[in-house]
Colleague: 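Here it is, the structure, as structure tokens.
Any value given below was found using the heavy atoms of this structure, including those in side chains, with hydrogens, waters and symmetry copies removed. A, B, ... follow the sequence lines: proteins, then strands. Residue 1 opens every chain.
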There are 2 protein chains.
Amino acid sequence: MIRVVLAEDQGMVRGALASLLNLEPDIEVVGEAADGAEAAEVVARARPDIVLLDIEMPGTDGLAAAATITRRTPGCRVMILTTFGRPGYLRTAMEAGAVAFLVKDSPARELAAAIRRVHAGERVIDPGLAAAALSAGPNPLSGRERDVLSAAADGSTIGDIAERLHLSEGTVRNYLSSAIQKTHARNRIEAVQRARTQGWV
Amino acid sequence: MIRVVLAEDQGMVRGALASLLNLEPDIEVVGEAADGAEAAEVVARARPDIVLLDIEMPGTDGLAAAATITRRTPGCRVMILTTFGRPGYLRTAMEAGAVAFLVKDSPARELAAAIRRVHAGERVIDPGLAAAALSAGPNPLSGRERDVLSAAADGSTIGDIAERLHLSEGTVRNYLSSAIQKTHARNRIEAVQRARTQGWV
DNA sequence: GGCCGCGTCTGACAAATGTCACGGTCGAAC
DNA sequence: GTTCGACCGTGACATTTGTCAGACGCGGCC
């Protein structure tokens, strides 16, 4: 019996995935969580063979949870199941010790198959996605550039961002400018978009 | 037996929901679709009691599909199942003839319950969401303001938008300005955000 | 020790953005 | 028939944004 914990914030999707997996004779869902912090707790308690983590969750996200779990509960293999197959996500997931990376676009039957392969010791990663992640290269944005860019994402002005990050306005402008350059964008909005689709923020 | 068609673009979620519903003894999934156009076709062919539509789908979205289906296949009741409980979405869905509006955040068991209530002739709408939709009022943006705002969402400059919409730059600026006013925003980025969270674009 | 990248800041400049006032057309509503 | 709102445009203006050059301190690396 393969024991699985499921972490996914949308209740309906979580329940549906659980019923899908429980149909399989050799798979058993032994715990569920609605965010990353809860996932780490449940895994530490239930000691499953595999944890299936969504990335987009409130509070600590799936990538942070993956790092915590591989550190604190090394016996449990981490699989990522996400809506967005972004190169940066894949890279971060691998660095956090995940052994599989699935996107929700794939057919439902692939999920159980992937779980079995992971349980057998394999890694499961979409080849196209892996190629994209490698060809895209690592995240070119420095830490501060990421901060400023994500602070700008919600429509804040330079002044707002400066205040929130305790920086001068000129500094914020410079970081924003260099982030715009590095993303090959023409303005902050495009920069935010590009960074998002690459999984850099 | 309640015959249901399922429209949802993410294969894994679609499959999982299907298995969830097929567990119910009185519910049967008789068709699936991955986008709005396909949903309308499948419904016209399978003649189900109920169609469950996701909103965020490529091509024609769930709201457009809802309108098509209520017009072309009036015997089929339309239920909306979406990630985002935005007031404007609910309003549009109701105007398109939907009889239920569920968010994926809710627990999984509510789905089958809602389907049964709809089949019995009831409407199913989250009371809090209904209140929010009513208190938010109708979409204040004019057609052109919506066009310009959604064209601006991807980081295009005024010049880009003007060219794409065959308008002069001044006109684009004016529409953008009035959209900013109506959304009580301070710049186009905030305006796009506000409009999105309200479901106005 | 020297070099380099990162983070911090300043000042100045050009370009883009947001606002305002104004003038027009057209169709629907009163 | 007039009024009103949506639509399209112009020109001028203040503000914000993006760029550039330069300056400083810090920590890691050869």
Side-chain angles (χ1 to χ4, degrees), chain A residues 88 91-92 95 136-201, chain B residues 88 91-92 95 136-201:
Chain A
R91 185 175 288 266
T92 310
E95 286 167 1
N139 188 340
L141 300 175
S142 75
R144 244 6 191 172
E145 285 161 359
R146 270 198 305 277
D147 294 343
V148 171
L149 199 55
S150 41
D154 64 349
S156 302
T157 69
I158 301 274
D160 294 341
I161 304 171
E163 196 172 350
R164 202 169 344 149
L165 266 49
H166 306 292
L167 293 175
S168 99
E169 302 206 356
T171 307
V172 172
R173 286 223 223 120
N174 287 341
Y175 284 135
L176 225 29
S177 181
S178 81
I180 290 168
Q181 312 264 301
K182 287 183 178 177
T183 52
H184 308 293
R186 289 173 305 173
N187 54 48
R188 64 177 72 182
I189 314 180
E190 257 188 20
V192 169
Q193 300 249 314
R194 299 273 173 87
R196 264 207 239 278
T197 60
Q198 292 292 324
W200 289 340
V201 288
Chain B
R91 184 176 291 264
T92 310
E95 287 167 1
N139 188 339
L141 300 176
S142 75
R144 242 11 188 169
E145 284 160 359
R146 270 199 306 278
D147 294 342
V148 171
L149 199 55
S150 40
D154 63 351
S156 301
T157 68
I158 301 274
D160 294 340
I161 304 172
E163 197 173 347
R164 199 165 353 144
L165 267 50
H166 306 290
L167 293 175
S168 96
E169 300 206 355
T171 307
V172 172
R173 279 227 280 272
N174 286 340
Y175 282 134
L176 224 28
S177 180
S178 80
I180 290 168
Q181 313 264 300
K182 287 183 178 177
T183 51
H184 307 294
R186 288 173 305 171
N187 54 48
R188 65 177 70 183
I189 314 180
E190 258 189 21
V192 169
Q193 299 250 313
R194 299 273 172 87
R196 264 208 240 278
T197 61
Q198 292 293 323
W200 287 339
V201 288

Colleague: Could you give the CD-to-C1' distance, from B:Glu169 to D:dC13, as a whole number of Å?
Modeller: 17 Å
Colleague: Looking at A:Ser177, does any N or O in its side chain come under 4.0 Å of the phosphate oxygens OP1/OP2 on D:dC20?
Modeller: no
Colleague: For B:Ala162 and B:Val172, which heavy atoms make the closest approach, and how far apart are they?
Modeller: CA-CG2, 3.7 Å
Colleague: I need the minimum non-hydrogen distance between B:Ile161 and B:Ala151, along with the two atoms involved.
Modeller: CG2-CB, 3.8 Å
Colleague: Holding to side chain to side chain contact (heavy atoms under 4.5 Å, CB included), I want the full list of residues that pass it with A:Ala185, two or more places apart in sequence or in another chain.
Modeller: A:Ile180, A:Thr183, A:Glu190, A:Ala191
Colleague: On the nucleotide C:dG18, are OP1 or OP2 found under 4.0 Å from the side-chain N or O atoms that B:Tyr175 carries?
Modeller: no
Colleague: Among residues two or more places apart or on two chains, list those pairs meeting side-chain hydrogen bond (donor to acceptor under 3.5 Å, both in side chains) that have a residue in residues 192-201 of chain B.
Modeller: none
Colleague: Compare the minimum distances between each of C:dA12, C:dC9, D:dC20 and the side chain of A:Arg173, then state the nucleotide with the smallest one.
Modeller: C:dA12
Colleague: Mind checking what makes side chain to side chain contact (heavy atoms under 4.5 Å, CB included) contact with A:Ser150, not counting sequence neighbours?
Modeller: none
Colleague: Tell me, which of residues 140-166 of chain B have any heavy atom that sits under 4.0 Å from an atom in DNA chain D?
Modeller: B:Ser142, B:Gly143, B:Arg144
Colleague: Would you list the pairs meeting side-chain hydrogen bond (donor to acceptor under 3.5 Å, both in side chains) in which at least one residue belongs to residues 154-167 of chain B, sequence neighbours left out?
Modeller: A:Arg186-B:Asp160, B:Asp154-B:Ser156, B:Ser156-B:Arg164, B:Thr157-B:Asp160
Colleague: Which whole-number value in Å describes the distance from B:Ile180 CD1 to D:dT15 C1'?
Modeller: 13 Å
Colleague: Heavy atoms under 4.0 Å is the rule here; annotate nucleotides 22-30 of chain C 5' to 3' with B where the base is hit, S where only the sugar-phosphate is, and - elsewhere.
Modeller: ---------
Colleague: What's touching nucleotides 23-27 of chain D from the protein side, N or O pairs under 3.5 Å?
Modeller:
none

Colleague: Under a 3.5 Å cutoff on both atom distances, Watson-Crick or G-U, what's the dot-bracket for DNA chain C ([ ] crossing, | other strand)?
Modeller: ||||||||||||||||||||||||||||||
Colleague: Near DNA chain D, under 4.0 Å by heavy atom, which residues of residues 183-201 of chain B?
Modeller: none
Colleague: When you compare the side chain of A:Ile158 with that of A:Arg188, does any pair of heavy atoms fall below 4.5 Å?
Modeller: yes
Colleague: Report yes if the side chains of B:Val201 and B:Val192 come closer than 4.5 Å at any heavy-atom pair, otherwise no.
Modeller: no
Colleague: I'd like to check the side-chain hydrogen bond (donor to acceptor under 3.5 Å, both in side chains) partners of A:Asp147; sequence neighbours left out, ordered by chain and number.
Modeller: A:Arg144
Colleague: Could you check which of D:dG18, D:dC8, C:dT19 has an atom nearest any side-chain atom of B:Thr171?
Modeller: D:dC8
Colleague: What are the two closest heavy atoms between A:Ile189 and B:Ala153, and how far apart are they?
Modeller: CG2-O, 3.8 Å
Colleague: With side-chain hydrogen bond (donor to acceptor under 3.5 Å, both in side chains) as the rule and sequence neighbours excluded, what pairs involving residues 168-177 of chain B come up?
Modeller: B:Ser168-B:Thr171
Colleague: What is the distance from CG of A:Leu176 to C1' of C:dT17, rounded to the nearest Å?
Modeller: 15 Å
